[in-house]
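Down below is the structure, laid out as structure tokens.
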Amino acid sequence: MAVEAAKKYAGTTISIVWEAGLQSLDPLNYSGPKWEKLTGIKVKVVEVPTDQMFTKIMQDFKSGAGAYDALNVIPSWMPDLARAGALEPLDKYVDKFGYRDELQDIAAAYRDNQMQYDGKIFGFPDDGDVMLLYYRKDIFEDPKMKDEFKAKFGYELAPPKDWKQFDQNGQFITDKMAPKVYGAGFFRTAPYPQYMFQERFRMEGGKFFNAGTMKATVNSDVGLKVFKDMLAENKFMPPGVEQWNFVDNLAAFLQGTTAMTISWPPYGRWAAGYGSGEEALKWVPKSQVAGKVGYALTPLGRPELGVGFDLSVSATSKNKEAAYLFIQWLNSKKTSLERVQLPYTLRDPFRLSHYASEKYRGLWPDAPAYLDTIKTSGEKGLLDLSLLQQDKYDEAMTKAISSLWAGEDPKAILDRMAQQFDAITDKVGIDSQKAVYKVWAAKPGAYPQ
């Protein structure tokens with residue numbers, strides 16, 4: 001329906017903000033050219049680094065320039081952007097073009113938490129981001145390793161159910177196999193480790209704020225325990241892990257030098273060797289572990305959904321309906337299934353029909369287990385903190401973790417982070433922030449029940 005309706009806008013050019021890098025190869029190389037061929041509408045892709053997207057979108061809105069038509073929005077920004085008026089409400093378009101039923105196929109974790117603000121639809125969830133635990137099946141299933149582990153700890157060597165087991169697994173494998181293989185590796189540099197902190201802090205019993213006063217409580221005993229545990233785990237990881245970024249960690253796991261890691265779904269595809277012949281993926285090391293990788297929930301069983309993307313329409317767009325029809329087509333069952341299978345982009349399965357797709361499940365031998373783990377992880381996933389000026393809270397957490405790796409005192413770091421949280425809250429306005437936090441905290445994925 002979107003294609004036929006859009007043909008009346010043939011000859012129009014719409015612009016869409018997209019994350020710079022691999023993500024943008026989807027609209028640049030695949031969906032943009034295909035949309036133009038189908039409808040006659042050209043798509044101009046505006047590549048913006050992730051950490052600048054919020055600012056660029058707000059600047060365009062405040063200036064009234066209308067430089068952007070369609071947007072990629074990180075869901076935790078939606079309260080800010082919607083309250084500011086920067087996003088076009090989509091309900092009238094959804095009903096006009098008969099799309100409401102098709103939205104029900106989006107997995108509930110994303111549909112119920114990343115689509116609406118204040119009862120209105122402002123974006124279509126378009127990326128099934130969730131953290132997964134990846135582990136080396138060949139190591140965890142080795143009879144000698146299993147026997148020695150059970151003799152030492154009294155339980156089976158298996159994907160860890162909690163962080164104590166993770167530490168025991170990791171240290172045991174490092175003791176037995178380093179420097180050839182270390183027990184685990186993580187990305188540790190900005191901006192991603194803060195999502196791992198958000199998950200662990202809550203799963204250990206932490207709350208970000210006192211709900212009554214909105215005073216930050218990240219510097220609680222729970223926060224201190226999590227920081228100390230994160231720091232201690234570096235000791236059984238490869239030397240220099242404190243400086244690892246997304247690619248460093250990926251390379252170590254694919255080359256077989258770490259037995260466990262936690263990251264987003266693309267790691268699982270690339271570890272299986274999927275897309276290894278693609279020119280755009282030449283930077284990804286050739287997998288030495290294809291067929292040897294298992295997928296599991298993160299320790300404690302409630303993984304962070306971690307970032308994600310929504311497709312939205314700019315409130316200042318001069319081509320709102322054309323922009324809407326493009327994002328409806330992108331998000332539709334048929335087109336989105338094609339897009340989440342593109343090996344060179346980072347869109348992850350987010351629809352029930354994606355998880356069930358026989359084509360996707362046949363892409364490599366362990367693809368069914370991969371898709372089942374993504375589905376379960378999404379169902380149990382924890383939401384990213386989502387407040388007014390959320391980017392400022394994220395920045396405070398990111399800087400705190402960098403200070404942790406640099407050797408500063410964990411308690412002093414957490415106290416400073418709490419002060420920064422309080423300053424942001426005061427600037428936003430305690431009552432305004434309290435109202436937004438109350439709505440967020442009431443969602444099933446905000447805090448473990």
Subject >> Full working for side-chain contact (heavy atoms from CB on, under 4.5 Å) between Phe172 and Phe236 >> reply: CA-CA 9 Å; Phe172 176 80; Phe236 61 76; over 6 Å; no
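- For the residue pair Gln420 and Tyr393, no side-chain donor N or O sits within less than 3.5 Å of a side-chain acceptor on the partner.
- When the shell of 6.0 Å around CD of Glu278 is examined, it contains more than 12 heavy atoms from other residues, nucleotides or ligands.
- The two residues Val45 and Pro27 make their nearest non-hydrogen contact at CG2-CB, 3.7 Å.
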**OP:** Take Leu281 and Tyr274 through the side-chain contact (heavy atoms from CB on, under 4.5 Å) test and state the conclusion after the steps.
**Re:** CA-CA 10 Å; Leu281 292 180; Tyr274 181 61; over 6 Å; no
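- Checking side-chain atoms of Asn245 against main-chain N and O of Val247 turns up a donor-acceptor pair under 3.5 Å.
- Proximity of a side-chain donor or acceptor of Arg269 to a complementary backbone N or O of Pro343 within less than 3.5 Å is not detected.
- By the 30° and 60° cut-offs, the orientation of the rings of Tyr447 relative to Phe208 is tilted.
- Side chain of Ser357 to main chain of Tyr360: a donor-acceptor pair is present (N/O by atom type, distance under 3.5 Å, no hydrogens or angles).
- Under the 3.5 Å distance criterion, with hydrogens and angles disregarded, a donor-acceptor pair is assigned to the side chains of Gln23 and Arg347.
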Which atom pairs, donor and acceptor, lie under 3.5 Å between side-chain atoms of residues 289-298 and protein residues at least two apart or in another chain?
{"from": "Tyr295", "atom 1": "OH", "to": "Trp364", "atom 2": "NE1", "distance (Å)": "3.1"}
{"from": "Thr298", "atom 1": "OG1", "to": "Glu199", "atom 2": "OE2", "distance (Å)": "2.9"}

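- The closest donor-acceptor contact from the side chain of Asn113 to the backbone of Lys443 lies at 3.5 Å or more, if one exists at all.
- For the 3.5 Å distance criterion, the side chains of Asn331 and Arg351 qualify, holding a donor opposite an acceptor.
- In this structure, the ring of Tyr134 has its center no less than 6.0 angstrom from the ring center of Tyr370.
- Side-chain N or O atoms of Arg302 include none that pairs as donor or acceptor with a backbone N or O of Met203 at under 3.5 Å.
- Panel note: side chain Thr257, backbone Ala252; a donor-acceptor pair is recorded below 3.5 Å.
- Screening Asp126, Val130, Asp127 for a side chain to side chain contact (heavy atoms under 4.5 Å, CB included) involving Phe350 leaves a single residue, Asp126.
- Here CD of Gln328 is found 10.0 Å from CG of Leu90. Values are rounded to the nearest 0.5 Å.
- Atom CZ in Phe421 sits 8.5 Å away from atom CG in Leu387 (nearest 0.5 Å).
- Shown here are the salt bridge (Lys or Arg N to Asp or Glu O under 4.0 Å) partners of Asp409, two or more places apart in sequence or in another chain: there are none.
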**OP:** Report the C-alpha distance between Asn210 and Thr217 in whole Å, list the side-chain angles of each, state the deciding distance to 0.1 Å, and finish with yes or no for side-chain hydrogen bond (donor to acceptor under 3.5 Å, both in side chains).
**Re:** CA-CA 6 Å; Asn210 178 307; Thr217 50; over 6 Å; no
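- Nearest heavy atoms, Tyr195 versus Asp384: CE2-OD2, 3.5 Å.
- Ser31 and Asp26 are linked by a side-chain donor-acceptor pair at a separation below 3.5 angstrom, with hydrogens and angles left out of the test.
- Using cut-offs of 30° and 60° on the angle between ring planes, the pair Trp163 and Phe166 is perpendicular.
- Using modelled atom types, one side-chain atom of Glu47 and one backbone atom of Gly21 make a donor-acceptor pair closer than 3.5 Å.
- Side-chain contact between Asp422 and Gln419 is absent, with no heavy-atom pair separated by less than 4.5 Å.
- If you check the side chains of Arg361 and Tyr355, you find no donor sitting under 3.5 Å from an acceptor.
- For the 3.5 Å distance criterion, the side chains of Gln171 and Asp167 fail to qualify, holding no donor opposite an acceptor.
- Evaluated for a ring pair (Phe, Tyr, Trp, His ring centres under 6.0 Å) with Trp264, the options Phe309, Phe187, Trp270 yield exactly one hit, Phe187.
- A donor-acceptor pair under 3.5 Å links the side-chain atoms of Ser276 to the main chain of Gly273, judged by distance alone.
- In this structure, Thr345 contributes its side chain and Val340 its backbone to no donor-acceptor pair below 3.5 Å.
- Using a 3.5 Å distance cut-off with no hydrogens or angles, the side chains of Arg188 and Asn249 do not pair a donor with an acceptor.
- Defined by atom type and a distance below 3.5 Å, a donor-acceptor pair is present between the side-chain atoms of Asp394 and Gln390.
- Ser263 and Thr261 are not linked by any side-chain donor-acceptor pair at a separation below 3.5 angstrom, with hydrogens and angles left out of the test.
- Looking at every heavy atom in both residues, Ala109 comes nearest to Gly378 through CB-O, 3.0 Å.
- The backbone N or O of Trp244 sits less than 3.5 Å from a side-chain atom of Thr189, completing a donor-acceptor pair.
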Donor-acceptor contacts, no H, no angles, side chain residues 154-162, under 3.5 Å, sequence neighbours left out:
{"from": "Tyr155", "atom 1": "OH", "to": "Gln168", "atom 2": "OE1", "distance (Å)": "2.6"}
{"from": "Glu156", "atom 1": "OE2", "to": "Lys150", "atom 2": "NZ", "distance (Å)": "2.9"}
{"from": "Asp162", "atom 1": "OD1", "to": "Lys164", "atom 2": "N", "distance (Å)": "3.2"}
{"from": "Asp162", "atom 1": "OD1", "to": "Gln165", "atom 2": "N", "distance (Å)": "2.7"}

